[in-house]
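In what follows, every chain begins at residue 1, and chains take the letters A, B, ... in the order their sequences are listed.
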Number of protein chains: 2
Amino acid sequence: MNHTRKKLVDELMQEQELGALIFWRPEELVMMLGYYPLWGLSFLVYTNDEKPVLFVPQAEPDDVLPPGIEIKKFPWGELSPINPWNVLFEEIQKVLDSKNITGKKISFIQERGGTTPCRMSGETPLLPENLINSLLKINNGNFKECDGPLLSLFEFKTEDDLKGIKIAHKVVGKAVAVFEKNAVPGMTEARLAALIEFEIATAMEDSAIFSSKGWPQVQSGTNLVYGGRFNRSTAKTISNGDHVMLELAACVNGYWVDITRTIAVGETNDTQKEIFKTVQEAQQLAIKTIRPGISMAAIDTIARTYIENAGYGKFFNHALGHHVGFRYHDAGQGFSPFSAGILKEGMVLTVEPGIYGEELKSGVRIEDNLLVTKDGYELLSDY
Amino acid sequence: MNHTRKKLVDELMQEQELGALIFWRPEELVMMLGYYPLWGLSFLVYTNDEKPVLFVPQAEPDDVLPPGIEIKKFPWGELSPINPWNVLFEEIQKVLDSKNITGKKISFIQERGGTTPCRMSGETPLLPENLINSLLKINNGNFKECDGPLLSLFEFKTEDDLKGIKIAHKVVGKAVAVFEKNAVPGMTEARLAALIEFEIATAMEDSAIFSSKGWPQVQSGTNLVYGGRFNRSTAKTISNGDHVMLELAACVNGYWVDITRTIAVGETNDTQKEIFKTVQEAQQLAIKTIRPGISMAAIDTIARTYIENAGYGKFFNHALGHHVGFRYHDAGQGFSPFSAGILKEGMVLTVEPGIYGEELKSGVRIEDNLLVTKDGYELLSDY
C-alpha cells in the first residue's frame with residue numbers, strides 16, 4: 001500500500017471518527033493495494049494501526065495477492081456444504097474485536113451497481129444477496145455512512161496509480177494503431193472491434209501484464225447518429241465517406257483507460273468535415289484550460305459554448321467528461337453543466353465532446369484522458 | 001414472449017397468489033422475452049392480464065427491443081439533472097395502480113450478485129444503490145419473497161430458448177476448432193485465448209448475431225495443477241508434452257455456453273494419459289445415465305466414484321456440473337454430492353469432471369453441455 005494513499009485514508013478515518021473501513025469492490029482493492037482480484041470476492045479490513053487484514057477466497061491464486069499485508073483465507077471454491085460467507089463475516093468480526101474497534105464506527109461503500117468487472121468477468125462476482133445487510137450487522141451495527149468522502153478517494157491518483165494507468169495507456173496506444181490501420185472500406189465494424197480486442201488481449205504475452213482486456217465498440221456511417229446515446233458494433237461494412245468511431249474501454253492490471261477516436265474514411269462531405277473540426281477545436285479549447293482551481297462546469301461550458309456557437313449545440317447531448325482510472329467511469333464530479341467539482345492536481349479525467357444526429361447522418365466524438373498537474377495538465381492518451 | 005414460458009410464469013403467480021412480477025436482471029429479460037439489454041437497466045412489469053409493460057432507458061436502441069409488448073421509456077443517458085430512478089419507480093407504481101394490483105403482493109429476485117453482464121459490459125450496470133429498497137416500497141410494500149420458485153424458472157429451457165442456445169453452440173464450435181488448430185508448441189496461453197475471443201467476436205459479422213462475446217481462459221502444463229480452483233491465461237508458452245485446457249464461457253445474443261476442452265500436445269507422460277482417460281470415461285459414464293427422473297446427486301456419484309476407484313478422488317475438487325444457458329452458471333440444483341435436484345426434460349446442464357493436482361504436475365477437465373430430453377439427453381456441444 002502506497003504512502004500517499006494511506007495518508008489520505010487515515011485522514012478520512014480521523015475526520016469521520018471511524019475505527020475501520022471495509023473495502024471490497026474490485027476497484028477499491030486496486031485503489032488501496034494495487035490488487036486486482038481474480039474472483040472479485042476479496043475484503044480488506046483497514047484499520048489505521050498499520051495492520052490491515054485482507055480476506056481472500058481459498059480459490060484466489062497466491063501469486064496475485066499483494067505483498068506486505070496479512071492475508072486470511074476463507075473457504076470458497078472447494079466442494080463443501082459450508083456457507084463461506086458466514087465464516088467470512090465471523091472472521092471479520094474477530095479481527096475487529098481483536099483491535100478493540102468496538103465503540104467506534106466502521107464504514108464501507110454500500111453501492112453494488114456499476115462496479116468494475118473482476119478478472120473472471122463472464123459473470124458478476126458471486127457475492128451473496130445478504131452481503132450489505134450482513135456487513136451492516138458487523139461491529140454491533142456500529143456503522144456510519146461515509147459514501148461522499150469514501151467515493152472522493154477515487155478522484156485522486158497517486159504516483160503508483162499513475163504508473164498503472166500509464167501502462168494501460170501504452171497498451172491502448174497499440175490498439176489505436178490497429179484501429180487506424182484497419183478502418184478501411186470493406187472492413188466490418190464487428191471485425192474491426194475484434195481486432196482491437198485481440199491486440200489488447202495479447203498484451204498479456206508480456207509477463208508483467210497479468211490481465212489485459214478491452215471492450216471496443218466500433219460504429220460507422222449512419223450508425224453514428226446514435227453515437228451519443230449508445231455504442232455497439234454491428235455487421236455493417238465500412239464504406240468510403242464514412243466516419244468510423246472507436247469507443248474503447250480497456251483494463252490493464254486493474255487500471256482503466258476510456259478513449260474515443262473518430263476517423264474519416266475516404267472523402268467525407270462538408271457537414272462531416274465541419275462537425276469533425278468543431279469537435280476537435282472544442283476539445284482543444286477545453287483541454288488547454290485545464291489546471292488546478294478551475295471549476296469543472298467551466299471546462300464543460302468552454303467546449304459546449306464553442307459547439308453551440310458553431311450551430312451544433314443540440315447535437316452534443318452528453319457531459320464533457322468524467323474521472324477515469326480505477327474504473328471505466330470513476331466516481332466523482334466530472335465535466336458537466338451540473339458539476340460542483342473543482343480541478344485538483346492528481347485527478348485523471350476524460351475530455352470527450354461529441355456531435356451526432358439523425359439530421360447530420362453522421363457523428364463524431366474524440367475522447368482523451370488527462371492528468372491534472374501542478375500547473376496544467378498532461379495528455380495521457382497522446383498517441 | 002413464448003407460450004410455454006408464459007404458462008410457467010402464470011402458474012407460479014397463481015400458486016404464490018401474486019399480482020405482479022418484476023424482472024430486471026439481464027438473464028431474466030432473456031428468459032422472459034429473448035431480449036438481451038444493451039445497458040442492463042430495463043425492467044419488465046409482468047402481470048397475467050396479457051399486458052405486461054417493459055420499461056427501458058431512453059438510451060436503449062429501438063431495434064433491440066422485443067416485439068409484441070408495451071414499451072415505456074424513462075429518462076437515462078440524456079444531459080439532465082433529473083434522477084431517472086425516481087421517475088422509473090413512480091411509473092412502475094402507476095402501471096400497478098392502473099391494473100388494480102393493490103391488495104395483491106408483488107415479487108422479484110433481490111439477488112444482485114452473480115448476474116450476467118449486459119451487452120455493454122465494461123462495467124456492471126449503473127443501477128442505483130437503493131434499487132432493492134425502492135422496489136420493495138412499491139405497491140405499498142406489499143411484497144412476497146419467492147426466490148425459490150422464481151429461480152427455478154431458469155432450470156427449464158423452452159423451444160425458443162433452445163434455438164438461442166444452439167446458435168451459441170454453433171459459434172462456440174468454430175472457436176473450439178481455432179483452439180484445436182492453435183494449441184501448438186510456441187503459442188502463448190494469452191495469444192491462444194485471444195484468438196478464440198476473436199473468433200467468437202467476429203460471429204457478429206452475421207447480422208442475425210447482434211451480440212457475441214467470449215471469456216476464454218487457457219492454461220497449460222503445470223499451470224493446470226490449479227485448473228480446479230481458478231482459470232486464467234498467462235504469458236506462458238505451450239510446450240511439447242503439455243496438457244492445454246480451454247475453459248470457455250460465451251454469450252451469443254444473450255444465450256450462454258460453458259465448455260472445457262483439454263488437448264495433449266505432443267508426447268505426454270503416463271500419468272497425464274491416465275488422468276485424461278479417467279476424466280473422459282467418468283464423463284461418458286455420467287452422460288450416458290442422464291434421463292428424466294434420475295437424481296442429480298446420483299449422476300455426480302457415478303463420475304466421482306469412477307475417478308475415486310482410479311485413485312484420483314482427491315484431485316476432483318469441484319462439483320460435476322450446473323445449469324447453463326441464461327448465464328455462465330444458471331441458478332438451480334446441479335450435479336453435486338449435496339444436490340437435491342431431479343433431472344427433468346428441458347433442463348440444460350454441464351457435465352465437467354476434472355483431475356488436477358500439484359503431485360500430478362498437470363490437470364484435465366472436459367466439459368460438455370447437455371439437454372435432458374424425453375427419454376435421455378442430447379449433446380449440445382458435439383464438436
Side-chain angles (χ1 to χ4, degrees), chain A residues 38-39 58-61 77-79 81 110-117 119-129 131 147 188 190-191 193-195 197-198 201-207 209-211 215 217 226 229-235 249 251 317-319 327-329 336-338, chain B residues 38-39 58-61 77-79 81 110-117 119-129 131 147 188 190-191 193-195 197-198 201-207 209-211 215 217 226 229-235 249 251 317-319 327-329 336-338:
Chain A
L38 194 79
W39 286 100
Q58 198 74 46
E60 193 81 347
E78 299 295 317
L79 199 59
Q110 297 175 70
E111 180 63 69
R112 293 187 67 172
T115 70
T116 190
R119 283 173 61 188
M120 250 185 215
S121 60
E123 220 162 33
T124 61
L126 290 159
L127 294 159
E129 183 187 326
L131 174 69
D147 282 7
T188 60
R191 181 166 293 260
L195 285 167
E197 197 176 2
F198 179 80
T202 50
M204 287 174 65
E205 289 194 301
D206 172 352
S207 61
I209 295 181
F210 56 80
S211 176
W215 286 261
Q217 308 283 353
Y226 305 114
R229 276 174 59 202
F230 58 81
N231 301 119
R232 58 173 167 151
S233 315
T234 73
C251 180
N317 60 347
H318 55 74
R327 223 170 82 187
Y328 190 1
H329 302 88
S336 102
F338 315 109
Chain B
L38 194 80
W39 287 99
Q58 198 75 47
E60 193 81 347
E78 300 296 317
L79 198 59
Q110 296 175 71
E111 180 63 68
R112 292 186 68 171
T115 71
T116 190
R119 284 173 60 187
M120 251 187 214
S121 60
E123 222 163 31
T124 61
L126 291 158
L127 293 160
E129 184 187 325
L131 174 69
D147 282 9
T188 60
R191 181 166 293 261
L195 286 167
E197 197 176 1
F198 179 80
T202 50
M204 287 174 65
E205 289 194 301
D206 172 352
S207 61
I209 295 180
F210 56 81
S211 174
W215 286 261
Q217 308 283 353
Y226 305 114
R229 276 174 60 202
F230 58 81
N231 301 118
R232 59 174 166 149
S233 315
T234 73
C251 179
N317 61 346
H318 55 73
R327 224 170 80 189
Y328 190 1
H329 301 89
S336 104
F338 315 110

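- At a 4.5 Å heavy-atom cutoff, A:A249 makes no contact with chain B through either its backbone or its side chain.
- For the set A:Q58, A:R191, A:H318, the entry with the most heavy-atom pairs within less than 4.5 Å of chain B is A:R191.
- Looking at B:T234, the atoms closer than 4.5 Å to chain A (heavy atoms on both sides) all sit in the backbone: N, CA, C or O.
- Heavy-atom pairs under 4.5 Å with chain B peak, among A:E205, A:M204, A:R327, at A:E205.
- The nearest pair of heavy atoms linking B:A235 to A:D206 is CB-C, 4.3 Å.
- For A:N231, the parts lying near chain B are the backbone and the side chain together; criterion is any non-hydrogen pair under 4.5 Å.
- Contact detail for B:T124 and A:T115: the closest heavy-atom pair is OG1-N, 2.7 Å.
- Taken from CD in A:Q217 to CG in B:L38, the straight-line distance is 7.5 Å, to the nearest 0.5 Å.
- For the options A:Q110, A:R119, A:H329, heavy-atom pairs under 4.5 Å to chain B are most numerous at A:H329.
- If you measure heavy-atom distances from A:E60 to chain B, the contacts under 4.5 Å come from the backbone alone.
- Nearest heavy-atom pair across A:R232 and B:P61 is NH2-CB, 3.6 Å.
- For a residue to count as touching a neighbouring chain, one of its non-hydrogen atoms must lie under 4.5 Å from one of that chain's; by this rule A:P337 touches chain B with the side chain only.
- Contact between A:F338 and B:P81 at its shortest, heavy atoms only, is CZ-CD, 3.5 Å.
- When all heavy atoms of B:Y328 and A:E123 are compared, the pair lying nearest together is CB-OE2, 3.6 Å.
- Heavy atoms closer than 4.5 Å to chain B are found nowhere in A:I209, neither backbone nor side chain.
- Proximity to chain A (any heavy atom under 4.5 Å) is restricted, for B:P125, to the backbone atoms N, CA, C and O.
- Contact annotation for B:F198: both backbone and side-chain heavy atoms come within less than 4.5 Å of a heavy atom of chain A.
- Between B:E197 and A:E197, the closest heavy-atom pair is OE2-OE2, 2.8 Å.
- For the set A:A59, A:A319, A:A201, A:A193, the count of heavy-atom pairs under 4.5 angstrom toward chain B peaks at A:A59.
- Per-residue counts of heavy-atom pairs under 4.5 Å with chain B were compared for A:P117, A:G122, A:A194; the largest is that of A:G122.
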